[in-house]
**Q** 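Have a look at this one.
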Amino acid sequence: MTYNLMHTYQTVDFVKKKNALWSSCTHKKMSVMEALSLLDNLVDESDPDVDFPNSFHAYQTAEGIRKAHPDKDWFQLVGLLHDIGKILALENEPQWAVVGDTFPVGCKFQKSIVFSDTTFKNNPDAKHPVYSTEYGIYEPNCGLEKVLMSWGHDEYLYQVLKFNHCTLPEEAMYMIRFHSFYPWHTGGDYRHLCNEKDLNMLPWVREFNKFDLYTKTEDLPDVENLQPYYQGIIDKYCPRILCW
């Protein structure tokens with residue numbers, strides 16, 4: 001995967017088009033478990049060190065969270081779900097529009113975006129009279145809910161769960177939508193767009209990312225034995241068949 005392509009083509013217009021195409025969730029119907037199994041057909045160019053099925057990472061993350069937070073089944077479910085949006089790459093979407101770090105569009109690209117010094121030079125928004133300013137199209141402290149994020153698997157899954165009226169708590173939705181937003185939760189940028197709710201949710205996103213980053217090991221989970229437990233949590237928070 002190349003950040004040059006991502007940082008060249010992720011523009012306000014591009015993001016709006018992808019939201020219009022995918023957020024209507026009219027492409028297929030399937031269960032969470034069916035979508036999770038599709039992940040195993042994907043080779044994630046942003047994660048070359050993982051040489052076992054992608055669904056195993058989902059269970060590893062979920063089980064890591066389960067050990068640390070046994071009382072929070074919704075948090076465990078986030079671990080299982082968080083990368084399912086990568087199935088977009090199986091629908092002929094380029095990987096630069098599916099995986100990798102995310103960032104807002106419609107305002108100045110901040111320095112904490114990976115490779116930002118060299119990779120945005122051909123992005124037309126970087127020269128736009130409004131989009132290139134600090135606040136761009138946004139009001140100060142407008143809240144991240146009002147911000148257009150670069151298109152990728154985080155945003156897609158967030159939109160799918162919203163469309164299907166899944167009952168995950170707000171903390172879970174923030175984890176899903178913003179776990180790849182490293183310039184915010186790790187780089188410390190974009191505070192000027194955040195409201196009080198965003199700042200209250202930030203520790204939850206950071207807590208999730210500890211498990212996302214540090215559970216990728218060769219100690220593979222017993223998926224067959226774990227499936228009934230996680231199916232029960234899926235049935236609690238999501239309908240059995242989702243529109244994608």
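Index from 1, following the sequence.
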**Q** Does the separation of the ring centres of Phe103 and Phe109 fall below 6.0 angstrom?
**A**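 Yes; Phe109 has its ring centre under 6.0 Å from that of Phe103.
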**Q** Could you go step by step and tell me if Ser180 and Asp101 meet the side chain to side chain donor-acceptor pair (under 3.5 Å) rule?
**A** CA-CA 5 Å; Ser180 300; Asp101 298 359; 5.8 Å; no
**Q** If you measure from CG on Asp222 to CD on Gln227, what distance do you get to the nearest 0.5 Å?
**A** 9.5 Å
**Q** Got a second to check how far Leu80's CG is from Thr61's OG1, nearest 0.5 Å?
**A** 9.0 Å
**Q** Can you check ring-ring contact (aromatic ring centres under 6.0 Å, His included) on Tyr190 and Trp184, steps first, answer last?
**A** CA-CA 6 Å; Tyr190 296 101; Trp184 176 57; 9.5 Å; no
**Q** If you take the centroid of each ring, where Trp contributes its six-membered ring, are Phe178 and His185 closer together than 6.0 Å?
**A** no
**Q** Any side-chain heavy-atom pair from Tyr182 and Ile113 closer than 4.5 angstrom?
**A**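 Tyr182 does not reach Ile113 side chain to side chain.
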**Q** Walk me through whether Glu170 and Lys197 qualify under salt bridge (Lys or Arg N to Asp or Glu O under 4.0 Å).
**A** CA-CA 10 Å; Glu170 198 71 41; Lys197 178 182 177 181; 3.3 Å; yes
**Q** Do the non-hydrogen side-chain atoms of Tyr59 and Arg66 ever get within less than 4.5 Å of each other?
**A**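 Answer no - side chains too far apart.
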**Q** Would the number of heavy atoms belonging to other residues, nucleotides or ligands and lying under 6.0 Å from OH of Tyr229 be above 12?
**A** yes
**Q** Verify, without hydrogens or angle tests, whether His192 (side chain) and Pro140 (backbone) share a donor-acceptor contact under 3.5 angstrom.
**A** no
**Q** Verify ring-ring contact (aromatic ring centres under 6.0 Å, His included) between Trp151 and Phe14, making sure each step is shown before the conclusion.
**A** CA-CA 8 Å; Trp151 182 253; Phe14 175 83; 8.2 Å; no
**Q** Is there a donor-acceptor pair under 3.5 Å between the side chain of Asp40 and the backbone N or O of Ser55?
**A** yes
**Q** Between Asn164 and Trp244, is any pair of side-chain heavy atoms under 4.5 Å apart?
**A** no
**Q** Under 4.0 Å between a Lys/Arg side-chain N and an Asp/Glu carboxylate O for Lys111 and Asp117?
**A**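 The answer is no: the pair does not qualify as a salt bridge.
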**Q** Heavy-atom distance under 4.5 Å between the side chains of Phe208 and Phe75, does that happen here?
**A**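 Side-chain contact under 4.5 Å: yes.
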**Q** Is the shortest side-chain heavy-atom distance between Lys108 and Thr133 below 4.5 Å?
**A**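 They are not in contact (no side-chain heavy atoms under 4.5 Å apart), so the answer is no.
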**Q** When rounded to the nearest 0.5 angstrom, what distance separates CG in Leu144 from CG in Asp198?
**A**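 Between Leu144 CG and Asp198 CG, I get 3.5 Å after rounding to 0.5 Å.
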**Q** Just wondering, more than 12 heavy atoms not from Lys72 lying within 6.0 Å of its NZ?
**A**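 Yes, NZ of Lys72 has more than 12 neighbouring heavy atoms, counting only those of other groups under 6.0 Å.
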**Q** Could you tell me the separation between the CD1 atom of Ile84 and the CG atom of Asn54, rounded to the nearest 0.5 Å?
**A**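 Output value for this atom pair is 11.0 Å.
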**Q** Working to the nearest 0.5 angstrom, can you tell me the gap between Lys28 NZ and Ile87 CD1?
**A**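 Here the rounded value is 6.5 Å.
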**Q** Tyr9 and Asn122: side chain to side chain donor-acceptor pair (under 3.5 Å), yes or no, with the steps?
**A** CA-CA 8 Å; Tyr9 296 113; Asn122 293 320; over 6 Å; no
**Q** For residues Leu77 and Ile65, determine if any side-chain heavy atom of one lies less than 4.5 Å from a side-chain heavy atom of the other.
**A** no
**Q** So, does Thr119 use its side chain to make a donor-acceptor pair with the main chain of Asn4 at under 3.5 Å?
**A** no
**Q** In terms of relative ring orientation, are His128 and Tyr131 parallel, tilted or perpendicular, with 30° and 60° separating the classes?
**A**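 Ring orientation, 0 to 90° scale: parallel.
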**Q** So do the side chains of Trp22 and Glu93 get within less than 4.5 Å of each other, counting heavy atoms only?
**A** yes
**Q** Is it the case that more than 12 heavy atoms not belonging to Arg191 sit under 6.0 Å from its CZ atom?
**A**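 Count over threshold, so yes.
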**Q** Does the pair Asp212 and His82 meet the rule for a side chain to side chain donor-acceptor pair (under 3.5 Å), with working shown?
**A** CA-CA 9 Å; Asp212 186 21; His82 73 283; 3.0 Å; yes
**Q** Taking atom types as modelled, find out whether Tyr3 and Gln10 have a side-chain donor-acceptor pair closer than 3.5 angstrom.
**A** no
**Q** Run the ring-ring contact (aromatic ring centres under 6.0 Å, His included) check on Trp204 and Tyr174 step by step: do they pass?
**A** CA-CA 8 Å; Trp204 284 104; Tyr174 263 74; over 10 Å; no
**Q** Is it true that a side-chain atom of His27 and a backbone atom of Leu21 form a donor plus acceptor pair closer than 3.5 Å?
**A** yes
**Q** Does the salt bridge (Lys or Arg N to Asp or Glu O under 4.0 Å) test come out yes or no for Asp235 and Arg240, once each step is laid out?
**A** CA-CA 6 Å; Asp235 293 342; Arg240 287 192 174 274; 3.2 Å; yes
**Q** Are there more than 12 heavy atoms of other residues, nucleotides or ligands under 6.0 Å from atom NZ of Lys67?
**A**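 Not more than 12 within 6.0 Å, no.
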**Q** What I'd like to find out is whether the side chain of Thr102 reaches to under 4.5 Å of the side chain of Arg177, using heavy atoms alone.
**A** no
**Q** What distance separates Leu148 CG from Lys16 NZ, expressed to the nearest 0.5 Å?
**A** 6.5 Å
